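If you're wondering where the values come from, they're calculated on a predicted model, not measured in any experiment. Throughout, numbering of the chain's residues begins at 1 and tracks the sequence.
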Amino acid sequence: MDPRNLTRVSEFHLLGLSDKPELQPILFGLFLCMYLITVMGNLLIILAVGSDARLHTPMYFFISNLSLVDIGFTSTTIPKMLVNIQSQSKVITYAGCITQMYFFMLFALLDDFILTVMAYDRFVAICHPLHYTVIMNPRLCGLLLLVSFIMSALESLLQCLMVLRLSFCTDLEIPHFFCELNQMTQLACSDNFLNNIVIYLATVLLGGCPLTGILYSYSKIVSSIRAIPSAQGKYKAFSTCASHLLVVSLFYGTTLGVYLSSAGTHTSKSNATCSVMYTVVTPMLNPFIYSLRNKDIKGALRRFFRWQVNKG
């Protein structure tokens, strides 16, 4: 590629989910409602855990942090999308695109690692119940969360630095509603072979290893549950990890579904539409899964609002 044909870009254009004018008000209202439900639902989870001392346990500590990460996850992409629809502009600055990409990857990886840590927590609770409080002590919980954050931050920084080394031509249209790493890499006019290698290695290591850890934990959990003699005991043990298992299935199912389908169809527009499942729908459903199936969280919320009413 002739260096004279390369430009120092200042902005990109996010094409969004649709270019039809009549659909823009519908998309704006739909995503605004979904975003507000996501934020309010996850804030209620954080509020319930923080206000009730009975929920100050490792499991609820990780649930509240997962809710906080989900708020950041959706806040990275949806507000910019809503602003673009409202202003009828598709522009995002180069610095804004890199920043959005960094925080999107940061929160996505944190989601992945926290779900893995939660699987380990359930493994210890069911397979080693007598040593649970000793193993899952506050220091270990904080350390696991800190390590997850550091690994996510370093990986996101690495990917962004790899994108910064790329040069772009005049085609600066991203067929997505946010700055997605693969789309950015494909837009580059310079050689992106090294970038693709780093992306694939990161996907295998930071995606495959946590998934392997979750599957291993649940294989041990299933073995322990099968060894419980009473049906009531089996149900009680399984109910403690059913919500987490459902969230894991949603997160990995939608993510793998999007990337496998996009690899098969190679349609950027359909890839952007399918991405809504794991970027918006899954974080919105997580609070409902943890609250509707959890008597402790529902009880904590009832006590909090009852206390607020009595105080008022």
Practice task
Output the distance between atom CD1 (Ile114) and atom CG (Asn65), rounded to the nearest 0.5 Å.
Solution key: 5.5 Å

Practice task
Search all heavy atoms of Val49 against all heavy atoms of Leu55 and return the closest pair with its distance.
Solution key: CG1-O, 3.8 Å

Problem - Ring centres under 6.0 angstrom apart (Tyr278, Phe251) - result: no

Exercise for the section: For the pair Phe123 and Tyr120, name the ring-plane relationship: parallel under 30°, tilted 30 to 60°, perpendicular over 60°. Expected result: tilted

Fill in the blank from the handout: Rounded to the nearest 0.5 angstrom, the CE-CG distance for Met151 and Leu205 is 9.0 Å

Fill in the blank from the handout: When rounded to the nearest 0.5 Å, the distance separating CG of Leu285 from CD1 of Ile37 is 9.5 Å

Exercise for the section: Evaluate the ring planes of Tyr94 and Phe168, with Trp represented by its six-membered ring, and classify them as parallel (under 30°), tilted (30 to 60°) or perpendicular (over 60°). Expected result: perpendicular

Exercise for the section: Answer yes if the ring centres of Tyr290 and His244 are under 6.0 angstrom apart, and no otherwise. Expected result: no

Exercise for the section: Kindly compute the distance separating CD1 (Ile228) from OG (Ser223), expressed to the nearest 0.5 Å. Expected result: 11.5 Å

Handout entry: Step-by-step side-chain contact (heavy atoms from CB on, under 4.5 Å) determination, Leu17 to Phe31
Key = CA-CA 11 Å; Leu17 297 174; Phe31 279 90; 3.4 Å; yes

Handout entry: Met59 reachable from Tyr218 in the ILVMFWY side-chain graph, under 4.5 Å edges
Key = yes

Handout entry: Check against side-chain contact (heavy atoms from CB on, under 4.5 Å), Thr279 and Phe178
Key = CA-CA 10 Å; Thr279 57; Phe178 66 94; 4.2 Å; yes

Exercise for the section: Start with the C-alpha distance between Met101 and Val163, add both sets of side-chain angles, then the distance that settles side-chain contact (heavy atoms from CB on, under 4.5 Å), and finish with yes or no. Expected result: CA-CA 10 Å; Met101 186 169 58; Val163 172; 3.7 Å; yes

Handout entry: Cluster overlap Leu146 with Leu109, hydrophobic side-chain contacts below 4.5 Å
Key = no

Handout entry: Main-chain N/O of Ser167 paired with Ser190 side-chain donor or acceptor, under 3.5 Å
Key = yes

Exercise for the section: Take Cys179 and Phe12 through the side-chain contact (heavy atoms from CB on, under 4.5 Å) test and state the conclusion after the steps. Expected result: CA-CA 9 Å; Cys179 295; Phe12 292 92; 5.5 Å; no

Exercise for the section: Could you tell me the separation between the CE atom of Met118 and the CG atom of Leu245, rounded to the nearest 0.5 Å? Expected result: 11.0 Å

Completion exercise
The reported gap from CG in Leu32 to CG in Leu27 (rounded to nearest 0.5 angstrom) is 12.0 Å

Exercise for the section: Using the rule that two of Ile, Leu, Val, Met, Phe, Trp, Tyr join whenever any of their side-chain heavy atoms come within less than 4.5 Å, decide whether Leu206 and Tyr252 are in one cluster. Expected result: no

Practice task
For Leu14 and Phe177, work out which heavy atoms get closest and say how close.
Solution key: CD1-O, 3.9 Å

Handout entry: Criterion salt bridge (Lys or Arg N to Asp or Glu O under 4.0 Å) on Arg54 and Asp296, from CA distance to verdict
Key = CA-CA 8 Å; Arg54 282 170 284 193; Asp296 294 334; over 6 Å; no

Practice task
Please confirm whether the backbone N or O of Gly72 pairs with a side-chain atom of Ser75, one donor and one acceptor, at under 3.5 Å?
Solution key: no

